[in-house]
Amino acid sequence: MNDKNWSKLWLDYDKKLSNEQSEDSFSVAFDGFSEDHRIIKSAKNELTEVFSKLFKGGYTTEIENAGKSVCIKKTDEIKNEGYRISADDSKLTIEASDENGVLYGAFHVIKSLLRGTGFADIKADEVPSNPLRMMNHWDNMDGSIERGYSGRSFFFENDNFYINDRTRDYARMMASIGINGIVINNVNVKNAASYLITERYFDKVSELSELFADYGIKLYLSLNFASPIELGGLEVCDPLDENVISWWDKKFKEVYENVPLLGGFLVKADSEGRPGPFTYGRNQADGANMLAKAIAPYNGIIIWRCFVYNCTQDWRDYKTDRARAGYDYFKGLDGEFLDNVILQIKNGPMDFQIREPVSPLLGGLTKTNQMLEVQIAQEYTGHQIDLCYLMPMFKEVLDFHTHCKSEGDTVADVVSGRALNNKNAGMAAVINTGDDANWTGNYLAAANLYGFGRLAYNTELSSEDIAREWIQLSFDLSKENEEKLVSMLLRSREIYEKYTSPLGIGWMVTPHEHYGPSVDGYEYSRWGTYHRADHLGLGVDRTDKGTGYAQQYYPENADMYNDSDTCPEELLLFFHHIAYDRKLKDGRTLIQYIYDSHFEGEAQAEELYENWKSMEKEIPSEVFALVCHRFEMQIANAKEWRDQVNSYFYRKSGIPDEKGRDIF
Ligand code: GCU
């Protein structure tokens with residue numbers, strides 16, 4: 001690991017600025033900020049590197065005589081981590097109230113220049129939508145990555161911890177898109193010998209926290225709730241047990257003595273085999289608050305995941321419903337969590353499917369800090385082989401009206417802290433990086449990496465604007481091809497959805513691996529399929545007559561979902577069991593829709609590939625070839641999905657395709 005060359009992705013100054021020099025000299029001056037501050041130094045370094053490529057006259061300390069000068073000025077008028085930029089031909093001013101704002105302003109200037117904006121035309125007025133903008137790595141200490149599709153970890157190998165130039169480039173890239181918190185290890189924390197909260201790793205954890213701090217990023221760790229047993233030799237990890245409480249008190253003291261810059265911890269408890277408070281008859285608030293109290297003296301936070309469900313539950317009774325679990329476990333605890341606890345809630349009630357309704361916990365909780373968790377690692381959305389640009393999905397989630405208030409009630413309002421008036425709030429993504437040279441396996445999957453950061457910083461940006469920004473920074477395309485690639489990205493999610501699982505039903509994936517079709521598959525469906533198909537119809541009745549899941553929403557949404565006539569069609573099978581011959585809005589039957597969308601999705605995957613091939617001349621050959629290979633795999637995948645899903649439902653329903661196409 002780590003010995004591969006690595007791409008600079010959207011910060012490739014050499015590539016982007018090779019022909020753009022002028023004779024000007026330049027200077028960077030500060031008003032109100034200390035040049036010695038670590039983040040200010042980083043900002044200055046970045047600006048200096050870019051300017052020295054652009055302006056041949058070189059750096060001068062004489063600001064009055066500089067052909068191009070940047071003035072970085074402190075002003076309290078701007079909110080934390082925000083910035084304002086104004087410029088004329090020779091002078092550009094970045095204003096901010098804190099160092100992170102300066103760094104983000106500097107990257108804004110740099111990215112504008114890389115995209116070809118003239119110096120005098122750079123203008124901005126930005127404040128972050130979310131206080132916390134985090135990446136969650138699922139990297140294991142042995143170097144593997146849970147749900148990693150782009151090589152191995154660039155932090156860990158063989159229980160060793162690596163920090164090098166690549167790590168710095170990673171931090172720079174994250175800062176350049178506004179990320180301010182990173183969890184470096186998997187939520188499934190296993191193998192006590194390699195727990196990061198032990199002396200063995202303190203030096204490295206601390207070193208990395210310092211490196212991240214240069215870029216305004218706080219380091220966080222995942223922890224194992226059973227650490228008092230596994231590390232401390234205690235018999236229990238009961239959160240109300242005095243010995244357990246004092247073990248954590250001591251542990252956090254030791255951790256913070258060694259790693260004072262640590263932001264806090266992310267915890268997965270009582271889920272998929274992870275230990276947690278349930279073992280002792282305690283609830284999730286007991287568990288989270290115990291840790292939160294112990295970490296409070298160090299201003300640390302506990303991010304507690306709501307992905308709590310019983311993966312072994314027997315749900316043949318048709319009443320048990322995994323989708324209900326998060327709300328059932330957490331809603332009753334609303335208001336009981338300490339202020340330094342944030343509940344991290346997956347975007348949907350299930351698990352990062354290509355289409356799910358928004359989790360009813362988002363905004364369903366009104367007295368609890370909460371943040372949104374999404375996944376840019378494409379676990380269920382094509383493994384970074386298939387093209388699937390996820391910003392349109394995230395925008396839908398953010399724009400969803402929870403109805404927790406009469407206005408200002410969208411998910412974006414809730415997770416930003418605006419709706420509930422709280423500071424501990426934000427967005428996190430399960431990241432899609434690995435040690436592949438291009439970081440994300442499929443070069444085009446970097447659009448999700450870039451996009452998540454941008455969207456978390458500014459939830460008002462459109463998917464299209466983000467795509468265009470990323471393309472301009474990553475390629476040198478003619479306007480025509482730029483538009484083509486924007487459109488490919490924007491269509492990709494819908495295409496993936498068409499050839500995989502229809503109308504919100506989800507799953508149907510190969511067990512464990514989660515790539516490719518297995519209609520009855522998926523590891524936790526041994527007690528009955530997740531799609532509930534029989535010879536008459538398909539879908540899960542989650543209405544008041546079924547599992548009652550729809551009733552977890554506020555009445556406006558509950559009523560909408562409860563009625564199959566008002567339920568948005570793309571989620572029809574998530575909420576309803578529908579007969580194959582039922583007519584959908586456009587007059588087609590459900591079964592015909594399934595056939596058509598699978599044929600269409602596959603054909604459109606082929607179109608994506610054709611579009612890509614038509615751009616060959618303008619794409620670096622290595623990138624071109626690599627992405628071609630991915631598209632070939634995507635098409636094979638799409639064909640397999642099309643054929644398996646169509647033949648499965650043909651055999652179940654006995655209804656032939658109206659158009660007489662081959663269904664095998
Ligand atoms: C999914 C995924 C697991 C992961 C889990 C989680 O179930 O398949 O690998 O651990 O989500 O979010 O904790």
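Counting starts at 1 for both ligands and their atoms, following the listed order. Below, all heavy atoms of this structure are taken into account, side chains as well, without hydrogens, waters or symmetry copies.
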Enquirer: Determine whether a donor-acceptor pair (N or O, by modelled atom type, separation under 3.5 Å) exists between the side chain of Asp139 and the backbone of Ile145.
Expert: no
Enquirer: How far is atom 2 (C) of ligand 1 from the closest protein heavy atom, and which atom is that?
Expert: Glu379 OE2, 3.2 Å
Enquirer: Using heavy-atom distances only, which candidate in Arg147, Lys346, Glu373 approaches atom 11 (O) of ligand 1 most closely?
Expert: Lys346
Enquirer: How does Asn188 reach ligand 1, if at all, at less than 4.0 Å between non-hydrogen atoms: by side chain, backbone, both, or neither?
Expert: side chain
Enquirer: For atom 3 (C) of ligand 1, what is the closest protein heavy atom, and at what distance to 0.1 Å?
Expert: Glu146 OE2, 3.3 Å
Enquirer: Classify the ring geometry of Phe155 against Phe212: parallel below 30°, tilted from 30° to 60°, perpendicular beyond 60°.
Expert: perpendicular
Enquirer: Holding to side-chain hydrogen bond (donor to acceptor under 3.5 Å, both in side chains), I want the full list of residues that pass it with Tyr450, two or more places apart in sequence or in another chain.
Expert: Lys111, Glu469
Enquirer: Ligand 1 and Glu272, any nitrogen or oxygen pair closer than 3.5 angstrom?
Expert: yes
Enquirer: How are the rings of Trp470 and Tyr443 set relative to one another: parallel (under 30°), tilted (30 to 60°) or perpendicular (over 60°)?
Expert: tilted
Enquirer: Which of the atoms of ligand 1 are close to His514, meaning less than 4.0 Å from one of its heavy atoms?
Expert: 8 (O)
Enquirer: When you measure from the heavy atoms of Trp138 to every atom of ligand 1, does any distance fall below 4.0 Å?
Expert: yes
Enquirer: In this structure, does ligand 1 have an atom that sits under 4.0 Å from one of the heavy atoms of Gln375?
Expert: no
Enquirer: Could you tell me which residues satisfy salt bridge (Lys or Arg N to Asp or Glu O under 4.0 Å) with Lys395, sequence neighbours excluded, listed by chain and number?
Expert: none
Enquirer: Ignoring hydrogens, just give me the one of Val430, Asp351, Asn186 whose non-hydrogen atom is nearest atom 7 (O) of ligand 1.
Expert: Asp351
Enquirer: With a 4.0 Å cut-off on N to O distance, would you call Arg322 and Asp351 a salt bridge?
Expert: yes
Enquirer: Within the structure, is a non-hydrogen atom of Arg274 found at a distance of less than 4.0 Å from ligand 1?
Expert: no
Enquirer: Phe307 heavy atoms, cut-off 4.0 Å: which ligand 1 atoms fall inside?
Expert: 5 (C), 6 (C), 7 (O), 11 (O), 12 (O), 13 (O)
Enquirer: Say whether Asn637 and Tyr499, considering side chains only, have a donor N or O and an acceptor N or O under 3.5 Å apart.
Expert: no
Enquirer: Is Glu396 paired with Arg355 through a side-chain N to carboxylate O contact shorter than 4.0 Å?
Expert: yes
